[in-house]
Q: 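A single structure is presented below for examination.
Within every chain, numbering begins at 1; the chains are lettered A, B, ... in the order of the sequence lines, protein sequences first and strands thereafter. Keep in mind that the numbers below use all heavy atoms, side chains included, and drop hydrogens, waters and symmetry copies.
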There are 2 protein chains.
Amino acid sequence: MSESAPRPTLEAVAARAGVSRATVSRVVNGFDGVREPLAERVRRAVDELGYVPNQAARSLVTRRHDAVAVIVAEPETRVFADPFFARQLRGISKELTAHDNQLVLLLTEDRDDHARVARYLAGGHVDGALVFSLHIDDPLPGLIQRAGLPTVFGGRPHWNGGEDGVRYVDTDNRGGARDAVRHLLSLGRSRIAHITGALDQTSAVDRLDGFRDVMADPDPALVEEGDFTAASGERAMRELLGRRPDLEAVFAGNDLMAAGALRALREHGRRVPDDVAVVGFDDMLPIAEQTEPPLTTVRQDIEEMGRLMARLLLRDLEPGTAPDETAGAGPSGVVLPVTLVRRASA
Amino acid sequence: MSESAPRPTLEAVAARAGVSRATVSRVVNGFDGVREPLAERVRRAVDELGYVPNQAARSLVTRRHDAVAVIVAEPETRVFADPFFARQLRGISKELTAHDNQLVLLLTEDRDDHARVARYLAGGHVDGALVFSLHIDDPLPGLIQRAGLPTVFGGRPHWNGGEDGVRYVDTDNRGGARDAVRHLLSLGRSRIAHITGALDQTSAVDRLDGFRDVMADPDPALVEEGDFTAASGERAMRELLGRRPDLEAVFAGNDLMAAGALRALREHGRRVPDDVAVVGFDDMLPIAEQTEPPLTTVRQDIEEMGRLMARLLLRDLEPGTAPDETAGAGPSGVVLPVTLVRRASA
DNA sequence: CCCGGCGGCGAGAGCGCTCTCGCCGCGTGC
DNA sequence: GCACGCGGCGAGAGCGCTCTCGCCGCCGGG
């Protein structure tokens, strides 16, 4: 009882079914070339013994692991605390398990971790990697690229993704920003301010670009940089109100900053949306619904993003694909659509 | 170039250093019994060739994987969307990587997934499991227990944890609830209502028990069941106001419900905290800080909880421990302290 | 009726590692 | 000075699987 029953091996199944190991292997892996009466006998033996293949032994010879690393480079608690991460993971997980792949999670915070991650990837424990790295000075993408593993990035990487066939999935930040600003225009507002996110992240840059697309040559006084936190949104809003008391609307780079902006507006006696209309980004629940008033915002399908990343990666891992020449086949960057969600704030 | 360089094997390192495989193995794994001049030669060979051990081959013989499964049973999007999950994972990840263990993430939603998880665990790909399963009717804990893997649960399991040495880590929900209610009493409020969480979860039950500990024999009209969502908090608050318009304070089972309650109170023209004081639970950021007014709440160190779970599990995995007799050694349930965070709502 | 072909199955050689065992050389005790 | 012991190192046997190869039996064609 204290000796846990030794797990049955292929050998044991073969013996019980009265066939060779090779035949059992064929049946277990669904290869054809085994005729029915025999195959059935093997399947019964597998059931009776409760046989489960030893993945280590299998990997040793196939050099596949059916496992994918998900690497999240997040030194800051902020992003970690938001629900995005969980949703993306969920999407990734669904897609991976649908294809019998495991998800190995690597969270990194500092430089030391980078070495560890690099070593892990070089160790060949996984077949590919999904990488979330937001900041411009992050050495991680380089390290990973060097490891030579098939990789898909979450969010457009900095080094001009698409260039050398770097695969990534991103939301349509720029288009979403345009939608948001156009919506404000359609409300009859013309003096529209923008609170940017942390501009060392492509998402923030793209949203700013979208804002500029529509506002063509906006008053610099109407743009203030934030860092995606509520506190920064509040501060930025005060700044903006000081510079342009006549502003009629704000497009915040995310919902958290929008929430902060709402507080500053309330503090300054501005009514939302009557005096100032506010639009956020992300549709970050439950924040976006809980603010006063609830936020009009740009929703991205974050779970789908995860799913898509996984799908792209798995496609690269298929035996057909050339191992090194990942470029060329298929799109290197995929951009997911967004939708404007109208609530009370604009 | 298109042929990725074949990874060097132990054999190759041995050849280069002019020693046997066994000696290289000893050096690589830090066993002693290799004298200095030789050991140094081996280390140099390892460096020069960039040797990284093949984990699959190693696992095959050691039957260890240095990997732990984290299983999250979460059919509902709700909990998934909250930041807890990410924080816990972070704590777990830190502890695991500190001990060179990998984190394999398994997310389950429906019954089909259970079978898959059970199969995976039975497959012996991981050395242990950390399990988050909230609901009373979840068959997962049973399945996992049956797999015979060392396991630590996040949150007190339903089947009377501690009974047969089931290991778990939980927050002091009951004590935290007592603190919250006592705080309200200290504010001079006596007609205190409670909005419970979903009572099929032990955390909700324990918080209710804590409420009752202090309020000894409370008016049933002052207790209303919610389900941890903001909407349920709002509804429950309306209900309570209808039944007991004279209530002076509310202890909500979590911050989300507290946020909902705030809305209902505002809608009914009650000022917070002047007319009605509100206390939440979790200190779920950024929600708790963003409400109007910001929430007084009970904070739990969720990251520490994850870290502790991992630590407990790793201890069980140490070679010293008897593989099956996990009971007996050390505490089977660990309860983490909480702290009351005072903000404006109470 | 004989021969070639083909498809089903078994034999066996590894994949890269760990770990036991035994050998050998050195130091120590009498 | 000799036997004994002990510690350092190498040889070799697997761990459980996949996959190539070759054998054998069955079929069809000449």
Side-chain angles (χ1 to χ4, degrees), chain A residues 3-43 45-46 49-67 100 122-127 319, chain B residues 3-43 45-46 49-67 100 122-127 319:
Chain A
E3 290 301 293
S4 59
R7 287 178 47 198
T9 71
L10 246 205
E11 188 77 48
V13 177
R16 176 158 196 127
V19 298
S20 72
R21 281 201 322 279
T23 298
V24 178
S25 178
R26 281 187 267 258
V27 172
V28 167
N29 294 306
F31 295 152
D32 38 53
V34 179
R35 261 181 306 222
E36 211 18 80
L38 245 200
E40 179 53 28
R41 229 163 66 211
V42 170
R43 278 190 291 268
V46 166
L49 295 177
Y51 170 74
V52 184
N54 180 320
Q55 184 61 36
R58 180 180 283 173
S59 295
L60 184 55
V61 33
T62 60
R63 284 140 169 16
R64 284 239 359 176
H65 300 85
D66 295 317
D100 277 312
H125 308 243
V126 292
D127 301 325
Chain B
E3 290 300 293
S4 60
R7 287 178 46 197
T9 71
L10 248 204
E11 189 75 49
V13 177
R16 177 157 195 129
V19 297
S20 73
R21 279 201 325 277
T23 297
V24 178
S25 178
R26 279 188 267 259
V27 172
V28 168
N29 294 305
F31 295 152
D32 39 54
V34 179
R35 261 183 305 223
E36 209 21 80
L38 245 198
E40 179 52 30
R41 228 164 67 213
V42 170
R43 278 190 290 268
V46 166
L49 296 177
Y51 170 73
V52 183
N54 180 319
Q55 183 62 34
R58 180 180 281 174
S59 294
L60 184 55
V61 35
T62 60
R63 283 135 190 327
R64 284 239 0 176
H65 301 85
D66 296 316
D100 278 313
H125 308 242
V126 292
D127 301 325

Q: Can you sort out the partners of B/Val34 under side-chain contact (heavy atoms from CB on, under 4.5 Å), two or more places apart, ordered by chain and number?
A: B/Thr23, B/Arg26, B/Val27, B/Leu38, B/Ala39
Q: Show the nearest heavy-atom pair for residues B/Arg41 and B/Ala17, with the distance to one decimal.
A: NH2-O, 2.8 Å
Q: Note the angle between the end axes of the helix from C/dC1-D/dG30 to C/dC30-D/dG1, five pairs defining each, rounded to 10 degrees.
A: 50°
Q: Sequence neighbours excluded, which residues qualify as side-chain contact (heavy atoms from CB on, under 4.5 Å) partners of A/Arg58?
A: A/Val28, A/Asn29, A/Pro53, A/Gln55, A/Thr62
Q: Let me have a per-nucleotide readout for nucleotides 7-21 of chain C, 5' to 3', with B, S or -, counting only protein heavy atoms under 4.0 Å.
A: -SBBBBB-BBBBB--
Q: Counting N and O atoms only, with roles assigned by atom type, does the side chain of B/His65 sit under 3.5 Å from a partner on the main chain of B/Ser59, one being a donor and the other an acceptor?
A: no
Q: Side chains of B/Asp66 and B/Asp100: closer than 4.5 Å at any heavy-atom pair?
A: no
Q: Within the distance-only criterion (no hydrogens, no angle test), does the side chain of A/Asp127 pair as donor or acceptor with the backbone N or O of A/Arg64 below 3.5 angstrom?
A: no
Q: Of the non-hydrogen atoms in B/Pro8 and B/Leu49, which two are nearest, and what is the gap between them?
A: CG-O, 3.4 Å
Q: Tell me the closest heavy-atom pair linking B/Leu60 and A/Ala57, and the distance in Å.
A: CD1-CB, 3.5 Å
Q: Taking only residues two or more places apart in sequence or in another chain, which ones pass ring-ring contact (aromatic ring centres under 6.0 Å, His included) with A/His125?
A: A/Tyr120
Q: Atom pairs under 3.5 Å, N or O on each side, protein against nucleotides 24-28 of chain D: can you list them with distances?
A:
none

Q: Flag the pair B/Asn54 / B/Thr9 as yes when at least one side-chain heavy-atom distance between them is below 4.5 Å, and no otherwise.
A: no
